[in-house]
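Computed from a prediction, not measured in an experiment: that's the story for all the values here. Residues take their numbers from the sequence shown, with the count starting at 1.
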Amino acid sequence: MSMTVVEIPVRWGDMDAYGHINNVQIVRLMEEARVIVFGLPSGTGTLDETSPQPHIDLLSGVDDGVMTLIADHTVKYRRQLPYRGTPIRVEVGVAKVKGASVEIYYRFYDDDAVAVQATSTMVFVNQETGMPVRLTEQQRAALAEH
């Protein structure tokens with residue numbers, strides 16, 4: 001599995017009373033990493049020439065009537081992730097590609113040790129009908145390398 005490495009800034013408020021990144025904030029950091037790697041879902045923001053380009057161009061060709069949703073998160077805490085005021089290194093990859101969904105894999109590091117392993121299942125859904133929308137050939141081609 002090919003992984004993309006991103007650095008995610010943490011905020012003072014991400015820390016819990018023990019000086020660690022709070023478990024609830026891990027899911028927010030997963031979202032930040034996912035947006036950096038795959039880009040903004042259709043209809044959720046304005047992109048222009050100054051916007052960062054996604055590492056894997058999965059979402060730019062999604063039709064306006066298709067929502068990009070998260071159906072599932074799994075988070076496994078391997079060790080504590082202390083707050084340091086410096087960005088956290090996160091590896092992001094594609095674990096599985098199915099008809100209308102993509103399983104995304106994350107590894108959060110504390111120095112060189114894996115602190116958190118997680119997955120998210122991203123699904124594509126027709127906004128009007130609520131029915132799944134199959135990945136396009138363009139999406140499959142972007143994911144084939146990863």
When the side chains of residues 87-104 are checked against the rest of the protein, which donor-acceptor pairs come out under 3.5 Å, sequence neighbours left out?
from, atom 1, to, atom 2, distance (Å)
Arg89, NH2, Asp111, O, 3.2
Glu91, OE1, Arg107, NH1, 3.0
Glu91, OE1, Tyr109, OH, 3.1

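Note that CG of Leu69 is 9.0 Å distant from CD of Gln127, once rounded to the nearest 0.5 Å. The CD1 atom of Ile21 lies 7.5 Å from the CE atom of Met15; values are rounded to the nearest 0.5 Å. The line from CD of Glu31 to CD of Gln25 is 11.0 Å long, rounded to the nearest 0.5 Å. Atom OH in Tyr106 sits 10.5 Å away from atom CE in Met3 (nearest 0.5 Å). Atom CG of Leu143 sits about 6.5 Å away from atom CD1 of Ile56, to the nearest 0.5 Å. Note that CZ of Arg34 is 11.0 Å distant from CG of Leu58, once rounded to the nearest 0.5 Å.
By the salt bridge (Lys or Arg N to Asp or Glu O under 4.0 Å) test, Arg140 pairs with no residue at all, sequence neighbours left out. Remark: Arg78 pairs with Gln117 by the side-chain hydrogen bond (donor to acceptor under 3.5 Å, both in side chains) rule, at least two apart or across chains. Considering only residues two or more places apart in sequence or on other chains, Asp14 meets the side-chain hydrogen bond (donor to acceptor under 3.5 Å, both in side chains) condition with Arg11, Arg28. A search for side chain to side chain contact (heavy atoms under 4.5 Å, CB included) contacts involving Val133 returns Val66, Phe124, Asn126, not counting sequence neighbours.
Side-chain heavy atoms closer than 4.5 Å link hydrophobic residues (I, L, V, M, F, W, Y) into clusters, and following such links, even through other members, never connects Val5 to Ile26. Side-chain heavy atoms closer than 4.5 Å link hydrophobic residues (I, L, V, M, F, W, Y) into clusters, and following such links, even through other members, never connects Val114 to Ile8.
Here the shortest heavy-atom pairing between Val123 and Ala71 reads CG1-CB, 3.9 Å. Minimum interatomic distance between Met30 and Thr119 (heavy atoms only, all atoms of both residues): CE-O, 3.8 Å.
The local environment of CD in Gln80 is sparse, with at most 12 non-hydrogen atoms from other residues, nucleotides or ligands closer than 6.0 Å. Sparse packing is recorded around CZ of Arg134, with 12 or fewer heavy atoms of other residues, nucleotides or ligands lying under 6.0 Å away.
Considering only heavy atoms from C-beta on, Asn23 stays 4.5 Å or farther from Val75 through its side chain.
Screening residues 63-89 for ring-ring contact (aromatic ring centres under 6.0 Å, His included) gives Trp12-Tyr83 as the qualifying pairs, with residues at least two apart or on separate chains. Under the ring-ring contact (aromatic ring centres under 6.0 Å, His included) criterion, no residue pair touches residues 18-39, with sequence neighbours excluded.
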